[in-house]
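Input: a single structure, listed below in C-alpha cells.
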Amino acid sequence: MRIESRARFSLAQLPTPIEKLKSLSRELGGPGLMIKRDDQTGLALGGNKTRKLEFLVGQALEQGADTLVTAGAAQSNHCRQTAAAAARAGLRCELVLNGTKPELPNGNLLLDELLGARIHWAQRSEREGKLSEISDELRKQGSKPYVIPVGGSNGVGATGYVLAMMELAEQLKGMYRRVDHLIFASSSGGTQAGIVVGAKVIGFKGKLHGVSIDKDDSDGATYECELADIANETAKYVGFNAQFTAKDFNVLYDYLGGGYGVVSDLERAAIRLLASREGIMLDPVYTGRAMGALLDLIRKKAFRSDETVLFWHTGGAPALFAYAKDLI
Ligand SMILES: Cc1ncc(COP(=O)(O)O)c(C=O)c1O
C-alpha cells in the first residue's frame, strides 16, 4: 500500500476516542454497545468530513490550488468542515448551498459564514451547473479552484476512512476487544466505501451496516454500485490490490422516513435517549437516524446479547440548533 505517501494535510485530532455506552447497553438488555467519537475530530466542531478533508486538502495543496469549491444542503456538515479546512490551509472557500438564503443563518450555515466561506445559493437541480460556473469564473480570474464532490465522497476522500479502520484495529487490539457489528450513517458513500476497503485491509471479521439516510433501493442496487465505484477508486488510490462489487455493501433502507432531513419520532427518540443516558449529542439528519435504526434493530433482537456493536458517530450536532422546531 502507498497510503503513507499520499498527500495529507493534518486537520484531525486522532485517534478519536472509543467509549462504552454502559448505561444504554444495560437499559436495553444488551448487546454491548460502543461508540467511536468521530464527532470529536476537532475541526470546527468535528465530524466525519475531517478525515476525508485531510486527503482532499492534501491533494488540493499538492496541485497548487488556492480555493476549495464544494456543494451541499443548507445545513451541510461537509460544507462547514470544508470551510474550516480551507481556513486552516490558507485557502479560499466557495460553497454552493441548496435553496435560498434564510433571513437569519443558524447551525452549520452560521458557522460557514463565520469561517469566511463565500456562499452561493442554487436549486438542487442547478447545483452542478453552478459549481462549473463558479470554477470557470475563478479560473478566468487567475485562481486555481479545487472542486470537492458532494460529501467529499471520492477515492481521495474515502482514503480517510481506510486509515480510520486501521486506527480502529489498533484501538481494539489495545482494549482486547472484538467488535461483531459496526453501524453508521451512509449518504454520499465515502464513509462506507472507505470503511469497507479498510475492513478488508485490516481483515475485520465483524458485519458492516450502512444506514441509508437519503437513498432508496427502488432502482435495484444503484447505491451499492456507487459505493463499489468509490471503493475501487479508493483501493487504487491507496495501492491496495482488491476489487469491490455491489455485493460487498450492506445498506439498510428501512429508515428513510419522510426523506432527507425530515425529522420523525425515530430521530427524536434516538437523540433524546443518547443525550439523556450518555450525555452524547447526535444530529437530526444523519446520526439521529442511524442510531434510531440501531435501536430498532436491538428491539427486533437482530443482535445476540453477548455480541458487541460499535456505533460510528459521524458528527453533525451543529445542525441541532437549526432543527430546534422539529426536536421539541
Ligand atoms: C454527520 C454526518 N454523518 C454521516 C454522513 C454520511 O457520510 P457519507 O456522505 O460519507 O456517506 C454525513 C454526510 O454528509 C454527515 O454529515
Side-chain angles (χ1 to χ4, degrees), residues 16-28 31-51 72-81 106-111 151 161 164 168 179 181-188 191-192 195 209-214 252 254-299 303 309-328:
T16 56
I18 294 181
E19 294 164 2
K20 290 179 191 157
L21 300 176
K22 278 193 188 156
S23 314
L24 195 60
S25 302
R26 206 177 312 117
E27 185 168 331
L28 297 171
L33 294 173
M34 301 205 293
I35 189 164
K36 173 97 171 127
R37 301 294 304 270
D38 274 14
D39 56 323
Q40 299 194 354
T41 50
L43 177 70
L45 306 183
N48 61 341
K49 301 304 181 294
T50 316
R51 292 188 188 268
Q75 281 301 321
S76 165
N77 299 298
H78 161 66
C79 288
R80 180 241 317 158
Q81 294 238 284
N106 194 356
N108 281 308
L109 179 58
L110 170 64
L111 302 184
Y161 270 88
L168 177 73
V179 163
H181 301 269
L182 223 157
I183 186 162
F184 45 84
S186 187
S187 175
S188 64
T191 304
Q192 184 159 7
I195 284 177
H209 312 261
V211 178
S212 176
I213 299 304
D214 51 346
L252 308 179
D254 293 339
Y255 303 97
L256 294 167
Y260 180 82
V262 179
V263 179
S264 73
D265 286 344
L266 181 94
E267 293 84 16
R268 271 190 289 274
I271 290 169
R272 276 189 190 272
L273 191 67
L274 264 284
S276 61
R277 304 302 193 275
E278 300 286 351
I280 292 174
M281 301 321 299
L282 299 174
D283 84 281
V285 180
Y286 300 92
T287 53
R289 185 161 287 180
M291 179 55 79
L294 171 57
L295 295 171
D296 182 61
L297 291 170
I298 292 173
R299 278 184 208 112
F303 312 109
V309 180
L310 184 138
F311 179 81
W312 207 309
H313 193 328
T314 45
L320 281 171
F321 305 103
Y323 279 82
K325 277 211 290 271
D326 297 317
L327 294 169
I328 49 167

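Since we're looking at a predicted model, the values are computed, not measured. Only heavy atoms go into these numbers, but all of them, side chains included; no hydrogens, no water, no symmetry mates.
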Can I get a per-line list of side-chain donor-acceptor pairs under 3.5 Å for residues 44-51, giving both atom names and the distance, sequence neighbours left out?
residue: Asn48; atom: ND2; partner: Thr191; partner atom: OG1; Å: 3.0
residue: Thr50; atom: OG1; partner: Thr41; partner atom: OG1; Å: 2.7
residue: Thr50; atom: OG1; partner: Gly47; partner atom: O; Å: 3.1
residue: Thr50; atom: OG1; partner: Gln81; partner atom: OE1; Å: 2.8
residue: Thr50; atom: OG1; partner: Gln81; partner atom: NE2; Å: 3.3
residue: Arg51; atom: NE; partner: Asp38; partner atom: OD2; Å: 2.7
residue: Arg51; atom: NH1; partner: Glu167; partner atom: OE1; Å: 3.0
residue: Arg51; atom: NH2; partner: Thr16; partner atom: OG1; Å: 3.2
residue: Arg51; atom: NH2; partner: Asp38; partner atom: OD1; Å: 2.9
residue: Arg51; atom: NH2; partner: Glu167; partner atom: OE2; Å: 2.9

Report summary line: One should read off an interatomic distance between Asp296 CG and Tyr255 OH, to the nearest 0.5 angstrom, of 3.5 Å
Requested in this report: Output all residues satisfying salt bridge (Lys or Arg N to Asp or Glu O under 4.0 Å) with Arg268, sequence neighbours left out; order by chain, then residue number.
Outcome: Asp265
Query raised in the report: Do you know which of Ile35, Ile18, Ile183 makes side-chain contact (heavy atoms from CB on, under 4.5 Å) with Leu310?
Result: Ile18
Report task. Taking all heavy atoms of Ala185 and all of Ala290, pick out the closest pair and write down the distance. Result -> N-CB, 3.8 Å
Requested in this report: Report yes if some heavy atom in the side chain of Leu295 is under 4.5 Å from a heavy atom in the side chain of Leu28; otherwise report no.
Outcome: yes
Query raised in the report: Roughly how far apart are Ile298 CD1 and Phe303 CZ, rounded to 0.5 Å?
Result: 6.0 Å
Query raised in the report: Rounded to the nearest 0.5 Å, how far apart are CG of Leu21 and CZ of Arg26?
Result: 11.5 Å
Query raised in the report: For Gln192 and Gly210, which heavy atoms make the closest approach, and how far apart are they?
Result: OE1-CA, 3.6 Å
Query raised in the report: How far does NE2 of His313 sit from CG of Asp39, to the nearest 0.5 angstrom?
Result: 3.5 Å
Pairs under 3.5 angstrom only: tabulate donor-acceptor contacts from the side chains of residues 315-328 to other protein residues two or more places apart or in another chain.
none

Query raised in the report: Got a sec, which residues hit ring pair (Phe, Tyr, Trp, His ring centres under 6.0 Å) with His209, two or more places apart in sequence or on another chain?
Result: His181
**Report entry** Shortest non-hydrogen separation from Ile271 to Gly288 and the atoms involved
**Finding:** CG1-CA, 4.1 Å
Query - Residue list, side-chain contact (heavy atoms from CB on, under 4.5 Å) with Ser25, at least two apart or on another chain - result: Leu33
Requested in this report: Evaluate the side-chain proximity of Leu182 to Leu168: yes if any heavy-atom separation is below 4.5 Å, no if none is.
Outcome: yes
**Report entry** Closest contact, heavy atoms only, Val211 versus Arg289
**Finding:** CG1-O, 4.4 Å
Query raised in the report: OH of Tyr161 to OG1 of Thr314: how many Å apart, nearest 0.5 Å?
Result: 6.5 Å
Report summary line: For Asp214 and Ser186, the nearest pair of non-hydrogen atoms, with its separation, is OD1-O, 4.4 Å
Result block: side-chain N/O donor-acceptor pairs under 3.5 angstrom for residues 274-284, not counting sequence neighbours:
residue: Ser276; atom: OG; partner: Arg272; partner atom: O; Å: 2.7
residue: Ser276; atom: OG; partner: Leu273; partner atom: O; Å: 3.4
residue: Arg277; atom: NE; partner: Glu27; partner atom: OE1; Å: 2.6
residue: Arg277; atom: NE; partner: Glu27; partner atom: OE2; Å: 3.3
residue: Arg277; atom: NH2; partner: Glu27; partner atom: OE2; Å: 3.1
residue: Glu278; atom: OE2; partner: Ser23; partner atom: N; Å: 3.2
residue: Glu278; atom: OE2; partner: Leu24; partner atom: N; Å: 3.0
residue: Asp283; atom: OD1; partner: Tyr286; partner atom: N; Å: 3.4
residue: Asp283; atom: OD1; partner: Thr287; partner atom: N; Å: 2.5
residue: Asp283; atom: OD1; partner: Thr287; partner atom: OG1; Å: 2.5
residue: Asp283; atom: OD2; partner: Val285; partner atom: N; Å: 2.8
residue: Asp283; atom: OD2; partner: Tyr286; partner atom: N; Å: 2.8

Query raised in the report: What pair of heavy atoms forms the shortest contact from Gly292 to Ala270, and how long is it?
Result: N-CB, 3.6 Å
